[in-house]
Asker: 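Quick one: structure below, then a few questions.
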Number of protein chains: 2
Amino acid sequence: MGIFSKTCEYAIRAVFFIAHRTAGQSGRVGIKEIALGIDSPEPFLAKILQDLSRRGIVQSTKGPNGGFYLDNASLERPLSDIVAAVDGNDIFFGCGLGLKQCSEINPCPLHNEFKDIRNKIHFMLHETKIGEFNNELVTGMLSLKK
Amino acid sequence: MGIFSKTCEYAIRAVFFIAHRTAGQSGRVGIKEIALGIDSPEPFLAKILQDLSRRGIVQSTKGPNGGFYLDNASLERPLSDIVAAVDGNDIFFGCGLGLKQCSEINPCPLHNEFKDIRNKIHFMLHETKIGEFNNELVTGMLSLKK
DNA sequence: ATAATAAAGGATAAAATAGTCTTTTATTAT
DNA sequence: ATAATAAAAGACTATTTTATCCTTTATTAT
């Protein structure tokens, strides 16, 4: 198990892929090409994108020349929006030891240590925008494949 | 889903509990009392401790007055040993986006960001020793219950 | 030695996550 | 209008994680 669920890993990679394939050009990219581009099981990814689409994190149109894309507002969104949508925000605010009542006044042994780490994760994902890596992805400097 | 699996959360809380209940006094503490003390399902916790015992992370003896305890060496171990034993060390070294081939020369978009965070997690868990919170747990300043 | 105790071991069950397949709906080009 | 295309929706399957139960083994006190 990583930091995120598999669903969330696929979601982030897919959104990065859609971003770099459609930014500016007002094009669309289909599920097959995305699945191929990020090495993910196509039908599972379809479900994930369906959900992201419903939530307005990605845009889509049906029919010929249809597919997924990102509007300008979506390109500016932080990665934390994807993570929160898919995995919830336990990773940002939950107790590292799984204690519901853990808080400043009733802390678990690692409360402060985890607060620090969770804040760093939150900050990092909030600072990083979906469209931020488009150039490097186009030039192949960055990878989205296994 | 938190940072760790539920199994790992229970494991850490249980080990903290055993530590503060048996450190120095050369006593033992039974599975029932541990499960109660950390709000965990008893049979599931039994499995987890069985595993930790096999791996030498906790000590145990059977029979009357038996139970779990920690020797001095175990009290000095870092928390990272528990996490590595239970969840593996993907959390310390794995790619945040789940890419097997992700590395310095073939990085995912978040490679450096995640490296930084993973290092902080690793450092924190390596610095923190199992017996470190015994006093605060005895005085009730820290909590292991939901 | 024997009975009582407590963990170890093994088999099974439930829930959550991951993944697949088929049908329906919306869009576009002809 | 119609056929082709591609996502949406829904039902279903598989795997992994979480959790329970029952039997066996080791230890101790009597």
Side-chain angles (χ1 to χ4, degrees), chain A residues 1-15 18 21-22 26-36 38-70 85-88 90-91 98 146, chain B residues 1-15 18 21-22 26-36 38-70 85-88 90-91 98 146:
Chain A
M1 190 202 289
I3 293 207
F4 306 129
S5 67
K6 285 215 151 258
T7 301
C8 192
E9 291 175 355
Y10 290 141
I12 296 174
R13 278 151 60 195
V15 170
I18 298 169
R21 283 286 284 95
T22 66
S26 76
R28 315 277 152 85
V29 57
I31 185 73
K32 271 204 188 82
E33 191 179 342
I34 305 171
L36 224 96
I38 69 167
D39 261 333
S40 78
E42 188 194 313
F44 188 40
L45 183 63
K47 279 290 162 213
I48 296 170
L49 288 179
Q50 211 178 99
D51 180 56
L52 293 181
S53 174
R54 244 184 276 117
R55 295 168 183 273
I57 292 177
V58 305
Q59 284 69 51
S60 70
T61 53
K62 299 179 178 181
N65 304 320
F68 297 91
Y69 63 101
L70 293 168
V86 177
D87 278 355
D90 257 29
I91 195 169
K146 287 183 194 149
Chain B
M1 189 201 292
I3 294 205
F4 305 128
S5 69
K6 283 211 152 262
T7 302
C8 192
E9 291 175 354
Y10 291 142
I12 296 174
R13 278 151 62 196
V15 170
I18 298 169
R21 284 284 285 94
T22 66
S26 77
R28 316 276 153 83
V29 56
I31 185 74
K32 271 202 188 82
E33 192 179 341
I34 305 171
L36 224 97
I38 69 168
D39 262 333
S40 79
E42 188 193 314
F44 188 42
L45 183 63
K47 280 291 162 212
I48 296 170
L49 288 179
Q50 212 180 98
D51 180 54
L52 292 182
S53 174
R54 243 183 277 116
R55 294 167 182 274
I57 291 178
V58 305
Q59 283 68 52
S60 71
T61 53
K62 298 180 179 179
N65 304 318
F68 297 91
Y69 62 101
L70 293 168
V86 177
D87 279 354
D90 257 29
I91 195 169
K146 286 183 193 150

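All figures in this text were calculated on a predicted structure; none of them were measured in a lab.
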Asker: If C:dT30 has a Watson-Crick or G-U wobble mate with both distances under 3.5 Å, name it; if not, just say none.
Answerer: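 Pairing partner, where one exists within any strand: D:dA1.
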Asker: CG of B:Asp51 versus P of C:dA7: gap in Å, rounded?
Answerer: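 So the CG-P distance, B:Asp51 to C:dA7, works out to 16 Å.
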Asker: OP1, OP2 of D:dT18 versus side-chain N and O of B:Thr7: anything below 4.0 Å?
Answerer: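 It does, given that an N or O in the side chain of B:Thr7 lies less than 4.0 Å from OP1 or OP2 of D:dT18.
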Asker: Taking atom C1' of D:dA6 as reference, at what distance in whole Å does atom CD1 of A:Ile18 sit?
Answerer: 14 Å
Asker: Output, in order, the C-alpha distance, side-chain angles, deciding distance and verdict of side-chain contact (heavy atoms from CB on, under 4.5 Å) for B:Ile31 and B:Glu42.
Answerer: CA-CA 7 Å; B:Ile31 185 74; B:Glu42 188 193 314; 3.9 Å; yes
Asker: Does any non-hydrogen side-chain atom of A:Ile18 lie less than 4.5 Å from one of A:Leu49?
Answerer: yes
Asker: What is the distance from NZ of B:Lys6 to C1' of D:dA19, rounded to the nearest Å?
Answerer: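 So the two atoms are 11 Å apart, to the nearest Å.
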Asker: Which atom names give the shortest non-hydrogen contact between A:Arg28 and A:Asn65, and what distance separates them?
Answerer: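 So the two residues come closest at CG-O, 3.2 Å.
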Asker: Between D:dT17 atom P and B:Phe4 atom CZ, what is the distance in whole Å?
Answerer: 16 Å
Asker: Rounding to an integer number of Å, can you tell me how far B:Arg55 CZ sits from C:dA7 C1'?
Answerer: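 Distance, rounded to whole Å: 18 Å.
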Asker: Please encode protein proximity along nucleotides 20-29 of chain D as a string of B, S and -, counting only heavy-atom distances under 4.0 Å.
Answerer: B----BBBBS
Asker: Check whether any side-chain nitrogen or oxygen of B:Arg54 sits under 4.0 Å from OP1 or OP2 of C:dG9, and answer yes or no.
Answerer: yes
Asker: Roughly how many Å is it from CD in A:Gln59 to P in D:dA8, rounded to a whole number?
Answerer: 11 Å
Asker: Looking only at atom types and distance, does a side-chain atom of A:Arg13 sit under 3.5 Å from a main-chain N or O of A:Ile38, one as donor and one as acceptor?
Answerer: yes
Asker: Under a 4.0 Å N-O cut-off, is there an ion pair linking B:Asp51 with B:Lys47?
Answerer: no
Asker: Determine the minimum heavy-atom distance between A:Phe68 and A:Ile34, stating which atoms define it.
Answerer: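 Taking A:Phe68 first and A:Ile34 second, the nearest heavy atoms are CD1-CD1, 3.9 Å.
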Asker: Output yes when at least one side-chain N/O atom of A:Tyr10 is less than 4.0 Å from OP1 or OP2 of C:dG19, else no.
Answerer: yes
Asker: A:Asp39 has an atom CG; how far is it from atom P of C:dG19, in whole Å?
Answerer: 12 Å
Asker: Measure from CD on B:Glu33 to P on C:dA6 and round the result to the nearest Å.
Answerer: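 The answer, rounded to whole Å, is 11 Å.
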Asker: Please examine the side chains of A:Ile91 and A:Phe4, heavy atoms only from C-beta on, and report whether any two atoms are closer than 4.5 Å.
Answerer: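 Result yes, sub-4.5 Å side-chain heavy-atom pair found.
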Asker: Does the D:dA7 base have a donor-acceptor partner in the side chain of A:Gln50 within less than 3.5 Å?
Answerer: no
Asker: State the pairing partner of D:dT20; accept Watson-Crick or G-U wobble contacts with both distances under 3.5 Å, and report none otherwise.
Answerer: C:dA11
Asker: For the side chain of A:Ser53, starting at C-beta, report the closest nucleotide among D:dT18, D:dA8, C:dA8.
Answerer: D:dA8
